[in-house]
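Here is the structure we will look at, set down as structure tokens.
Remember, it's 1-based here, ligands and their atoms both numbered in the order they're listed. Quantities reported herein were computed from a predicted structural model and do not represent experimental measurements.
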Amino acid sequence: MDVFPFEIPGPAYRERQVRTWIYRRAARSFLQMTDLPLGVRTRLAERYGDVRPEPLALRVADEGATVKALFSPGYEVVAMRYRGASSRACADEEQHVRPGSSDRRTACVSSQAGCGLGCTFCATGQMGLVRSLEPFEIVQQVLWAADVLGGTVTNVVFMGMGEPLANYEASLAAIRSIHDDVGISARKVVLSTVGLVPAMLRLAEEPLPVTLALSLHAPDDETRSRLVPVGVRWPVAECMEAAHAFRGAHGRRVTIEYALIAEVNDHRWQAEMLAGLLRGTDMHVNLIPLNPTAGFPAHASARVEEFAAELKAGGVNVTVRDTRGREIDAACGQLASRAPRKMERAGST
Ligand code: SAH
Ligand code: SF4
């Protein structure tokens, strides 16, 4: 699948010039590409408009360190800047941060506008699927985030809207382009999946060293199926087998994501069962305090520290994800497009 959506007339080096402008020089408009003849620039601008769409709306938090943008047809991207070695966008990144590197800039991208998989606790799932995104629409989100964060992005997480493995070809093509064109190693790209087992097995065969995160949320099928409807089709055991296949093929540590919900998946027996599932593996658990969404009545667990301790007692490596972006509905599972009038207009904070 070709990610580059523009046909550039003239000799082959013209396309290389345009690519450099788009991927490396942050051009937003063809008219900025001053080493192209004016006629070519004008024709490209007339045919395609801008290189990147303008956000329909922006929201800003943490004094500009967290910015969320809404794009048509209703998908969101979150750009986050982290200063200081102790902070991180999420634990999945932590394994890729060089000791001493202190400034991380993360793009949390969407692979779909909405999502059709209907996880009950997720705002994106509550809105349903609008459409899957084209690969360049995914790459554009990274370029936008780089702009907002002052020029570069160091990490990309597919933890925005949508299920990347339900939009498999486009997500993979986008990751290749992020690696080859934008220059961010695939190792610094975390693909988070709800556990579409056949697609996970396919991913294991790809020669792409992406980092995998599996949204498990429960060690037992009964609880998991209540939270994640696809759990009925692919039980926990099959998801874990697919995660092992990925680990075996790529030699890369897999993260287990677990949103802690009071009285649903935060019981001690579940921590013990999860520890049992992970015993003898190097998978680590990233606990996510449940973020509030309009359509899910349950509450965040008050047992996050205890659950983490119970997992650790069972020999599991655990981290707790921060809740960055909550106040602008930009935290995990809170992305759901709204009419722009309900958000601040682009440019305001
Ligand atoms: N579809 C993919 C990636 C997008 S969701 C997946 O499900 O993994 C990114 C992460 O946010 C997932 O781990 C998801 O389970 C989690 N999430 C969804 N809703 C949440 C909520 N309300 N609170 C906390 N985490 C949530
Ligand atoms: Fe879709 Fe992931 Fe939300 Fe489930 S948690 S509805 S798979 S975006």
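- Distances below 4.0 Å separate heavy atoms of Glu257 from the following atoms of ligand 1: 10 (C), 12 (C), 13 (O).
- Regarding atom 6 (C) of ligand 1, its nearest protein heavy-atom neighbour is Ser215 OG, 3.5 Å.
- Ring to ring, His217 and Phe121 are close: their centroids are under 6.0 angstrom apart.
- In this structure, Cys119 does not count as a contact residue of ligand 1, since none of its heavy atoms falls inside 4.0 Å of the ligand.
- Taking CG of Leu149 as the start and OG1 of Thr154 as the end, the distance is 8.5 Å to the nearest 0.5 Å.
- Taking 4.0 Å as the cut-off between side-chain N and carboxylate O, Glu15 and Arg19 count as a salt-bridged pair.
- Close contacts between ligand 1 and Asn291 involve ligand atoms 21 (C), 22 (N), 23 (N), 24 (C) [criterion: under 4.0 Å to a heavy atom].
- Ring-plane geometry between Phe6 and Phe4 is classed as perpendicular, the angle between the planes exceeding 60 degrees on a 0 to 90 degree scale with a lower cut at 30.
- Contact annotation: for His217 versus ligand 1, heavy atoms closer than 4.0 Å belong to the side chain alone.
- When the heavy-atom distances from atom 17 (N) of ligand 1 to Tyr258, Phe121, Phe296 are ranked, the shortest goes to Phe121.
- Sorted by chain and number, the protein atoms of type N, O or S within less than 2.8 Å of atom 1 (Fe) of ligand 2 are Cys115 SG.
- Within ligand 1, counting atoms from 1 as listed, the ones closer than 4.0 Å to a heavy atom of Ile288 are 13 (O), 24 (C), 25 (N).
- The pair Glu306-Arg268 does not meet the salt-bridge criterion, since no charged nitrogen lies less than 4.0 angstrom from a carboxylate oxygen.
- Salt bridge Arg52/Asp147: present, at least one basic N to carboxylate O contact under 4.0 Å.
- Inclusion of Ala123 in the set of residues having an N or O under 3.5 Å from an N or O of ligand 1 is not warranted.
- If you look at Glu163 next to ligand 1, the close heavy atoms, those under 4.0 Å, come from the backbone and the side chain alike.
- Below 3.5 Å of separation, one finds no N or O of Pro164 facing any N or O of ligand 1.
- Listed by chain and residue number, Asp282 satisfy the salt bridge (charged side-chain N to carboxylate O under 4.0 Å, His left out) test with Arg247 (two or more places apart in sequence, or in another chain).
- Summary of contacts: the protein heavy atom closest to atom 4 (C) of ligand 1 is Gly160 O, 3.4 Å.
- Of all the atoms in ligand 1, the ones that sit under 4.0 Å from a non-hydrogen atom of Phe158 are 3 (C).
- For NE2 of His244, the number of neighbouring non-hydrogen atoms (other residues, nucleotides, ligands) closer than 6.0 Å is greater than 12.
- Ring geometry, Tyr23 versus Phe136: the interplanar angle exceeds 60°, so the pair is classed perpendicular (tilted spans 30 to 60°).
- Classification of Arg41 and Glu46 as a salt-bridged pair fails, no side-chain N sitting under 4.0 Å from a carboxylate O.
- Here the heavy atom of the protein found nearest to atom 2 (C) of ligand 1 is Ser192 O, 3.3 Å.
- Those atoms of ligand 1 that come under 4.0 Å of a heavy atom in Gly162, given as number and element, are 1 (N), 2 (C), 3 (C), 4 (C).
- The shortest N or O to N or O distance between Arg321 and ligand 1 is not under 3.5 Å.
- A distance of 10.5 Å separates CD of Glu134 from CD of Gln140, quoted to the nearest 0.5 Å.
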(request) Output, in order, the C-alpha distance, side-chain angles, deciding distance and verdict of side chain to side chain contact (heavy atoms under 4.5 Å, CB included) for Ser111 and Met161. (result) CA-CA 6 Å; Ser111 54; Met161 286 182 167; over 6 Å; no
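- Listed by number with element, the atoms of ligand 1 under 4.0 Å from a non-hydrogen atom of Thr193 are 6 (C), 8 (O).
- How far CD of Glu305 is from CG of Leu287: 9.0 Å, rounded to the nearest 0.5 Å.
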(request) Dump the intermediate steps for side chain to side chain contact (heavy atoms under 4.5 Å, CB included) on Asp50 and Ser29, then the final yes or no. (result) CA-CA 5 Å; Asp50 284 338; Ser29 157; 4.0 Å; yes
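- Not close to ligand 1: Ala213, with no non-hydrogen atom less than 4.0 angstrom away.
- Residue contact check: Thr293 has heavy atoms under 4.0 Å from atoms 22 (N) of ligand 1.
- The 12-atom threshold is not exceeded at CZ of Arg233, counting heavy atoms of other residues, nucleotides or ligands nearer than 6.0 Å.
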